[in-house]
Amino acid sequence: MEIPSKKRERSTMENSEQTNTCDLSSSFCIQIANHALLEEAEKGSNFVISPVSFQIMLSLVATGATGRTLDQLLLFMESKSIEDLNSLSSHVVELTTRQDNDDKNLAAGPLVTMVNGAWVDQSFGLKPSFKGTLTDVYKAEAKAVDFATRASKVTEEVNKWAQDATEGLIKDLLPSGSLGSDTALVFANALYFKGAWDRKFDSERSTNKDFTLLTGQIIQVPCMTTKRKERHLYREINGYKILKIPYQSGQDMRKFAMFFFLPTEINGLQNMMQNFNSTPGFFNQDFYFGEEDLGDRIWIPKFKFSYEFEASRIIKELGLVLPFMDVGEFTELVHSQHGGKVCVSNIFHKSYIEVNEEGTEAAASTAVRFRRCCGRVKPPGFVADHPFMFMIREETSRIVFFTGAVLNPLLAT
């Protein structure tokens with residue numbers, strides 16, 4: 001991989017203490033994104049998911065697992081042990097603990113919050129060791145509920161919890177009727193992000209530009225650009241370009257940035273994602289950027305959309321099947337006076353993102369339902385006039401908070 005000869009921007013991942021956090025792999029989420037892209041590309045739809053939200057929920061699931069189910073979960077998440085998963089989850093919770101800064105003062109750093117919750121049927125009880133991990137590591141409390149007679153009320157409660165935690169951006173995380181009398185417990189996670197660009201786009205220069213869809217159709221979309229003669233963190237590799245735009249951080253030790261991945265070919269999005277998928281830890285790597293003056297050749301569409309899907313089918317297609325089977329290997333999770341066992345039934349995920357001249361607002365929520373069971377030339381610029389990928393990453397840990405693709409900036413859902 002060629003490193004630009006001009007001034008380089010490097011991640012601060014230099015010491016061993018920071019490097020350990022890089023073990024929070026997002027590889028399986030890239031695979032999930034690939035599956036989603038193949039399905040959404042046929043419809044020309046956008047998508048966005050939160051790798052870290054999936055990681056937190058599956059780590060919590062793994063904490064209650066034993067035997068082959070635990071082995072498969074660890075393999076799927078590329079982790080050596082439950083202790084490693086919980087250590088990394090603790091770091092994520094620390095990164096997303098509400099800061100003392102004024103919520104509206106984004107110059108002091110992005111507002112990034114995450115909350116976790118658990119709703120357990122009254123006929124089950126959490127194992128003391130699991131309850132301790134839930135409280136100490138994930139900063140969540142378990143609430144006893146009655147799924148047998150009040151499933152719809154619990155659905156409303158979880159949905160309101162997610163909506164409140166995401167500033168109203170995530171609505172109806174759990175579809176109507178998704179919980180019933182066979183529900184044993186629900187884990188949920190909610191993530192909210194709002195950041196201001198370190199260098200804002202010039203709103204006076206925003207204008208409509210051509211954007212070519214995967215079908216070849218050309219549409220007009222609102223695009224934004226920066227002030228003239230600004231230098232940008234840019235990299236061009238065989239087949240695609242990368243643009244990195246940091247968010248304001250003030251005195252905040254966390255350093256967030258958004259990355260845009262633009263394939264050279266107009267219809268090259270799928271090939272680019274497959275390339276990423278075949279490169280282990282692609283999104284977690286240390287990128288090297290040159291500082292380039294792109295002149296008037298930087299244009300990025302404004303976009304705002306939400307995406308939701310039930311992820312269990314895709315996850316099983318990727319090889320993680322035992323948590324969904326009646327093998328009874330969640331013995332570290334719950335106990336029941338009737339000796340009942342549980343297994344994962346559904347994984348619901350819903351995300352939202354808006355990108356404009358001021359910055360980015362994004363949110364995601366994931367719910368896991370358990371059921372009862374038995375050297376280059378000067379680049380021409382970065383003009384995102386065809387489908388592209390993006391991610392939002394915290395730079396000191398290289399943890400990926402959001403990733404997705406824009407196939408049509410005009411689509412709101």
Side-chain angles (χ1 to χ4, degrees), residues 33 37 40-41 44-49 195 197-228 230-247 257-273 275-276 282-283 287 289-305 307 353-362 376 378-393 400 402-412:
L37 173 64
E40 298 306 318
S45 300
N46 308 316
F47 76 90
V48 56
I49 64 172
W197 303 124
D198 187 45
R199 298 177 184 176
K200 288 185 173 57
F201 287 80
D202 187 351
S203 59
E204 293 184 356
R205 300 182 64 203
S206 295
T207 187
N208 288 337
K209 290 279 188 179
D210 287 346
F211 187 95
T212 305
L213 304 179
L214 291 178
T215 61
Q217 179 186 356
I218 298 176
I219 60 174
Q220 287 274 302
V221 303
C223 289
M224 54 191 185
T225 189
T226 56
K227 293 180 172 60
R228 292 182 172 90
E230 280 192 356
R231 301 184 74 83
H232 301 278
L233 299 173
Y234 177 89
R235 179 82 190 276
E236 184 170 354
I237 308 174
N238 292 336
Y240 59 94
K241 305 174 182 181
I242 312 176
L243 180 71
K244 172 183 173 180
I245 306 181
Y247 295 98
M258 189 166 190
F259 296 69
F260 297 87
F261 302 88
L262 179 69
T264 303
E265 300 294 331
I266 289 178
N267 60 351
L269 179 63
Q270 184 174 329
N271 287 339
M272 184 181 72
M273 288 191 65
N275 183 24
F276 295 171
F282 178 86
F283 280 166
F287 294 97
F289 294 91
E291 289 192 349
E292 300 284 357
D293 179 5
L294 302 180
D296 288 333
R297 294 286 294 163
I298 173 172
W299 291 95
I300 297 174
K302 296 191 290 184
F303 54 89
K304 177 174 68 172
F305 60 86
Y307 179 71
I353 189 165
E354 178 178 6
V355 171
N356 56 31
E357 292 92 345
E358 298 299 315
T360 304
E361 186 174 31
R376 55 189 178 82
K378 184 177 177 63
F382 194 95
V383 181
D385 59 359
H386 54 276
F388 58 90
M389 276 196 72
F390 61 83
M391 76 167 172
I392 296 174
R393 190 176 79 169
V400 180
F402 294 90
T403 185
V406 177
L407 282 74
N408 184 343
L410 297 183
L411 295 179

Q) Quick one: CG on L243 to CD1 on I300, what's the gap to the nearest 0.5 Å? A) 5.0 Å

(Q) Testing the basics here: between P387 and L269, what is the closest heavy-atom pair and its distance to 0.1 Å? (A) CB-CD2, 3.8 Å

(Q) Going by ring-ring contact (aromatic ring centres under 6.0 Å, His included), name the residues that satisfy it together with W197, two or more places apart in sequence or in a different chain. (A) F201, Y247

(Q) Just to verify, what does Q220 make a side-chain contact (heavy atoms from CB on, under 4.5 Å) with, not counting sequence neighbours? (A) N208, D210

Q.
Minimum heavy-atom separation for F305 and V406, please, with both atom names.
A. CE2-CG2, 4.0 Å

Q. Do Y240 and F260 have their ring centres less than 6.0 Å from each other?
A. no

**Q.** Any T360 side-chain heavy atom under 4.5 Å of E354 side chain
**A.** no

Q: Return the orientation label for the F259 and F289 ring planes: parallel under 30°, perpendicular over 60°, tilted otherwise.
A: tilted

Q: Drop me the distance from N46's CG to L407's CG, to the nearest 0.5 angstrom.
A: 6.0 Å

Q) Atom CZ in F261, atom NZ in K244: separation rounded to 0.5 Å? A) 11.0 Å

Q: Could I get the full list of side-chain contact (heavy atoms from CB on, under 4.5 Å) partners for Q217, not counting sequence neighbours?
A: L213, T215, I219

Q) Under 4.5 Å between any side-chain heavy atoms of H232 and E292, yes or no? A) no

Q) Roughly how far, to the nearest 0.5 Å, is CD1 of I245 from CZ of F390? A) 13.0 Å

Q) Is the distance between the ring centroids of F303 and F211 less than 6.0 Å? A) no

Q | Test item: P301 and F388 side chains (from C-beta on) under 4.5 Å apart, heavy atoms | A | yes

**Q.** Step-by-step side chain to side chain contact (heavy atoms under 4.5 Å, CB included) determination, L262 to H386
**A.** CA-CA 8 Å; L262 179 69; H386 54 276; 3.4 Å; yes

Q.
Under a 3.5 Å distance rule, please check whether R205 uses its side chain to pair with a backbone N or O of T225 as donor and acceptor.
A. no

Q.
I'd like to check the side-chain contact (heavy atoms from CB on, under 4.5 Å) partners of N271; sequence neighbours left out, ordered by chain and number.
A. Q274

Q. What is the distance from atom CE of M391 to atom CZ of F276, rounded to the nearest 0.5 Å?
A. 9.0 Å

**Q.** Set of residues satisfying salt bridge (charged side-chain N to carboxylate O under 4.0 Å, His left out) with respect to R199, sequence neighbours excluded
**A.** none

**Q.** Residues which pass side-chain contact (heavy atoms from CB on, under 4.5 Å) with K302, listed by chain and number, not counting sequence neighbours
**A.** P222, M224, N356, E357

**Q.** Nearest heavy-atom neighbours spanning W299 and K209
**A.** CE2-CE, 3.5 Å

Q. Nearest 0.5 Å, what's the CE-CD distance between M272 and E265?
A. 12.0 Å

Q: Might you work through the side chain to side chain contact (heavy atoms under 4.5 Å, CB included) test for E230 and D202, ending with a clear yes or no?
A: CA-CA 11 Å; E230 280 192 356; D202 187 351; over 6 Å; no

